[in-house]
Amino acid sequence: MSENVRVRFAPSPTGYLHVGGARTALFNWLYARHHGGTFILRIEDTDKQRNTTEAVQVVYDSLRWLGLDWDEGPEIGGDHDPYFQSERDAIYESYFQRLQEGGHLYQDKDGGAWRFRFTREVVEVDDLICGPVAFDFANVEITPDMTIRRPDGSWIFHFVNVVDDIEMRMTHVIRGEDHLPNTPKHLQLYRALGVVPPRFAHIPLILNKDGSKMSKRDQGASINSYIEGGYAPEAVRNYFCLLGWSPKDDTEVLPLDQLIARFDLDAVNRKGAHFDIAKCDWFNGQYIQRMPMERYLELAQPWLAQAGIVAPTEQLEPVLALEKMKVTHFREIPDRISFFFTEDYAYDLAAVEKTLRKPGALERLAQIAGTYSVLETFDAMTLEAKLKELAGSLGVKPAEFIHPTRVAVSGRGVGPSLYHMLEVLGKGRTLARIQQTLTRFAA
RNA sequence: GACCCUAUCGUCCAGUGGCCUAGGACACUCCCCUUUCACGGGAGUAACACGGGUUCGAAUCCCGUUAGGGUCGCCA
């Protein structure tokens, strides 16, 4: 039982990380962390033309964004360096030699490619998730021998994948269910090489909500879309965990330490999961509400910077706090708070039409400005009390003051709670903005 | 077409023979809170694919059908 778990994520760099791949990486990572094992990243870049350094960078960025750190692999190193298949030629060569010496290989007549001769029998895969699954290799027509090396000397996935898993001492191979039919072929390779294979666990695929296959273009398919869409990585990670796995009670929002403590392969589902971005959005909102102010500020920062909103934290924090319980994506934030940072904010035409153009609106604006101008304390509670007092004394509804004031100081019909918004704005700016509005719409 | 996997509300999950007139969450509808927009609270609509078995008893076990998905590359 002292077996040290070693698992890996072995993506082919294609320029983006698919949600399915990310989830595979996540399950491997979780499994490693749960069992105190080692999580390895290996880049399967045997297809030379298609793989670029930028594409590899995308893999790193996506994994790191999700918080999936690897213990061995590119940029980290490890006992089994290098972690790029393109740099492991000598190793493959020696394994190829072993197969050849064992009489397992032959060269194709026409092309000259090298094939591995399957043993013609039933091979059983004892999958940790799917259970025992038998594949019959008896018919050569149905399962022709597998090509492992091209005529130009380059290697085929099946071969290098198995060699690396042997070399890197993998104990468990957790991968997408699309690999299940490949597994008996890989098992034949292990046997021919005289190596005890790792345990296999095939996790269900992720499909679109309607059940169709997720392609690059579909919403939520690329990890980049979350980075660019204003998601909190911890929220996305939590949502991904629940795609094909559940803690078995009804908890859904689970902190990372809980996820690690509770995750295990025996609780992984067999049914394919349909992806629902709406639920992912809900998780994001929940995480934003619950996260500490510092983290909230940290994640909002890039979005503010991009929108040209720069201000010291002391000024930013109270403004952002106003939206913390309301926002679902960080990308929404700049637009919602931009009016705080310029006196030249735009007036929403519909809001102006609906409230400022209303008969008596400007008079009431002047009245509330008068009331507020004499206040010593300018906090939400006082502001609310005074506004209601004024409305009451004039026999009008508070709304007749609230709406014009909101539009006057922010230019819009919707926003944070009025009194809290005014408190953050402060007395000076509040009065100036009302005055500015009065002047502007007086005619 | 062959082989393999799967089958509970629209979606994600719970349920491993009686506790199920099937539970939670998202989404949707309505109500409350809030004279903004949200959050929050409450209520509601909504599912065991179908047909045979096994059993005193089946969402749970077996068989078949159907449906969905996957794999059959000198892609990974």
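Naming: A, B, ... by sequence-line order, numbering from 1 per chain. The structure presented is a predicted model; accordingly, all values stated were derived computationally and were not measured.
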A.B. asks: If you check every side-chain atom of A:Gln289, which of B:G15, B:C12, B:G40 has the closest atom?
C.D. replies: B:G40
A.B. asks: Considering only atom P, compute the distance from B:A67 to B:C75 and round it to an integer number of Å.
C.D. replies: 34 Å
A.B. asks: State which of B:U71, B:C4, B:A76 makes the closest approach to the side chain of A:Glu44.
C.D. replies: B:A76
A.B. asks: Rounding to an integer number of Å, can you tell me how far A:Lys271 NZ sits from B:C48 P?
C.D. replies: 13 Å
A.B. asks: Identify whether any heavy atom of A:Ile148 sits under 4.0 Å from a base atom; if not, whether one sits that close to sugar-phosphate; answer base, sugar-phosphate or nothing.
C.D. replies: nothing
A.B. asks: I'd like the C1' distance from B:A43 over to B:A7, given in whole Å.
C.D. replies: 32 Å
A.B. asks: So if I take every side-chain heavy atom of A:Val133 and compare against B:C12, B:C4, B:A76, which nucleotide ends up nearest?
C.D. replies: B:C4
A.B. asks: Base, sugar-phosphate alone, or nothing: which one does A:Gly244 contact when heavy atoms must sit under 4.0 Å apart?
C.D. replies: sugar-phosphate
A.B. asks: Select base, sugar-phosphate, or nothing to describe what A:Arg149 touches, counting heavy atoms under 4.0 Å on all strands.
C.D. replies: nothing
A.B. asks: Is A:Ser246 close enough to B:A14 that one of its side-chain N or O atoms is under 4.0 Å from OP1 or OP2 there?
C.D. replies: yes
A.B. asks: Can any side-chain N or O of A:Asp45 pair as donor or acceptor with the backbone N or O of A:Ser86 at less than 3.5 Å?
C.D. replies: yes
A.B. asks: Answer yes or no for A:Arg98 and A:Tyr95: cation-pi contact, defined as NZ/CZ to six-membered ring centre under 6.0 Å and angle to ring axis within 45°.
C.D. replies: yes
A.B. asks: Whole-Å distance between B:C5 P and A:Ile206 CD1?
C.D. replies: 21 Å
A.B. asks: Now, which nucleotide makes the Watson-Crick or G-U wobble pair with B:U29, with each of the two distances under 3.5 Å?
C.D. replies: B:A43
A.B. asks: Does A:Arg149 make a cation-pi contact with A:Phe96, if we ask for NZ or CZ under 6.0 Å from the ring centre and within 45° of the axis?
C.D. replies: yes
A.B. asks: Base, sugar-phosphate, or nothing: which does A:Ser417 touch, judged by heavy atoms less than 4.0 Å apart?
C.D. replies: base
A.B. asks: Please determine whether a side-chain nitrogen or oxygen atom of A:Arg150 lies at a distance below 4.0 Å from atom OP1 or OP2 of B:C75.
C.D. replies: yes
A.B. asks: Distance between the P atoms of B:C4 and B:G64, in whole angstroms?
C.D. replies: 11 Å
A.B. asks: Atom CD of A:Glu141 to atom P of B:G73: distance rounded to whole Å?
C.D. replies: 12 Å
A.B. asks: How close do A:Pro404 and A:Ala399 get, counting heavy atoms only, and between which atoms?
C.D. replies: CD-O, 3.9 Å
A.B. asks: Whole Å only: how far is the CZ atom of A:Phe283 from the P atom of B:U11?
C.D. replies: 18 Å
A.B. asks: So which protein nitrogen or oxygen atoms get under 3.5 Å of nucleotides 26-34 of chain B's nitrogens or oxygens?
C.D. replies:
| from | atom 1 | to | atom 2 | distance (Å) |
| --- | --- | --- | --- | --- |
| B:C26 | OP1 | A:Trp282 | NE1 | 3.4 |
| B:C26 | O2' | A:Lys279 | N | 3.4 |

A.B. asks: With a 4.0 Å cutoff (strictly under), does any side-chain N or O of A:Asn182 reach OP1 or OP2 of B:C4?
C.D. replies: no
A.B. asks: Counting only side-chain heavy atoms from C-beta out, which of B:C13, B:C5, B:A76 sits nearest to A:Ile156?
C.D. replies: B:A76
A.B. asks: Taking atom C1' of B:U71 as reference, at what distance in whole Å does atom CG of A:Leu205 sit?
C.D. replies: 11 Å
A.B. asks: Categorize A:Lys397 for me: base, sugar-phosphate, or nothing, with a 4.0 angstrom heavy-atom threshold over every strand shown.
C.D. replies: base
A.B. asks: In whole Å, measure the gap between the C1' atoms of B:C61 and B:U54 for me.
C.D. replies: 8 Å
A.B. asks: Which pairs with one or both residues in residues 386-426 of chain A pass ring-ring contact (aromatic ring centres under 6.0 Å, His included), sequence neighbours excluded?
C.D. replies: none
A.B. asks: Please enumerate all protein N or O atoms sitting under 3.5 Å from an N or O of nucleotides 61-63 of chain B, with distances to 0.1 Å.
C.D. replies:
none

A.B. asks: Using atom CG of A:Asp281 as one end and atom P of B:C39 as the other, report the distance to the nearest whole Å.
C.D. replies: 12 Å
A.B. asks: Quick one: side-chain hydrogen bond (donor to acceptor under 3.5 Å, both in side chains) partners of A:Asp264, sequence neighbours excluded?
C.D. replies: A:His35
A.B. asks: Given A:Tyr83, which partner from the list A:Arg8, A:Glu72, A:Arg42 fulfils the side-chain hydrogen bond (donor to acceptor under 3.5 Å, both in side chains) test?
C.D. replies: A:Glu72
A.B. asks: Could you measure between the two P atoms, the one in B:G18 and the one in B:C13, and give it in whole Å?
C.D. replies: 24 Å
A.B. asks: Take atom C1' in B:G10 and the same atom in B:G53, then report the distance between them in whole Å.
C.D. replies: 32 Å
A.B. asks: Just compare B:C12, B:C4, B:C74 and give me whichever is closest to any side-chain atom of A:Asp110.
C.D. replies: B:C74
A.B. asks: Could you measure between the two P atoms, the one in B:G42 and the one in B:C26, and give it in whole Å?
C.D. replies: 11 Å
A.B. asks: Do A:Thr143 and A:Arg120 have side-chain N/O donor and acceptor atoms under 3.5 Å apart?
C.D. replies: yes
A.B. asks: Please report, rounded to the nearest Å, how far the C1' atom of B:A25 is from the NE2 atom of A:His274.
C.D. replies: 18 Å
A.B. asks: A:Tyr60: which residues meet the ring-ring contact (aromatic ring centres under 6.0 Å, His included) condition with it, sequence neighbours left out?
C.D. replies: A:Trp70
A.B. asks: Is the phosphate of B:C74 approached by A:Arg115 (side-chain N or O, under 4.0 Å from OP1 or OP2)?
C.D. replies: yes
A.B. asks: Counting only Watson-Crick or G-U wobble pairs whose two distances fall under 3.5 Å, which nucleotide matches B:U36?
C.D. replies: none
A.B. asks: If we take the P atom in both B:A27 and B:A22, what is their distance in whole Å?
C.D. replies: 24 Å
A.B. asks: Would you be so kind as to tabulate the donor-acceptor pairs closer than 3.5 Å made by side chains of residues 322-329 of chain A, with sequence neighbours excluded?
C.D. replies:
| from | atom 1 | to | atom 2 | distance (Å) |
| --- | --- | --- | --- | --- |
| A:Glu323 | OE1 | A:Arg336 | NE | 2.8 |
| A:Glu323 | OE1 | A:Arg336 | NH2 | 3.1 |
| A:Lys324 | NZ | A:Ile288 | O | 3.1 |
| A:Lys324 | NZ | A:Gln289 | O | 2.8 |
| A:Lys324 | NZ | A:Met291 | O | 2.6 |
| A:Lys326 | NZ | A:Gly415 | O | 3.2 |
| A:Thr328 | OG1 | A:Glu332 | OE2 | 2.7 |
| A:His329 | ND1 | A:Glu332 | OE2 | 3.2 |
| A:His329 | NE2 | A:Tyr231 | OH | 3.2 |
| A:His329 | NE2 | A:Asp281 | OD1 | 2.9 |

A.B. asks: Ignoring hydrogens and angles, answer whether the base of B:C37 and the side-chain atoms of A:Lys326 contain a donor-acceptor pair closer than 3.5 Å.
C.D. replies: yes
A.B. asks: Are any non-hydrogen side-chain atoms of A:Met146 and A:Phe159 less than 4.5 angstrom apart?
C.D. replies: no
A.B. asks: Nearest-Å distance, CG (A:Asp250) to P (B:G15)?
C.D. replies: 10 Å
A.B. asks: Identify whether the glycosidic angle of B:C32 places it syn (within 90° of 0) or anti.
C.D. replies: anti
A.B. asks: Looking at every strand, decide which applies to A:His403 at a 4.0 Å heavy-atom threshold: base, sugar-phosphate, or nothing.
C.D. replies: sugar-phosphate
A.B. asks: Is it true that, when you exclude A:Lys248 itself, more than 12 heavy atoms of the residues, nucleotides or ligands shown sit nearer than 6.0 Å to its NZ?
C.D. replies: yes
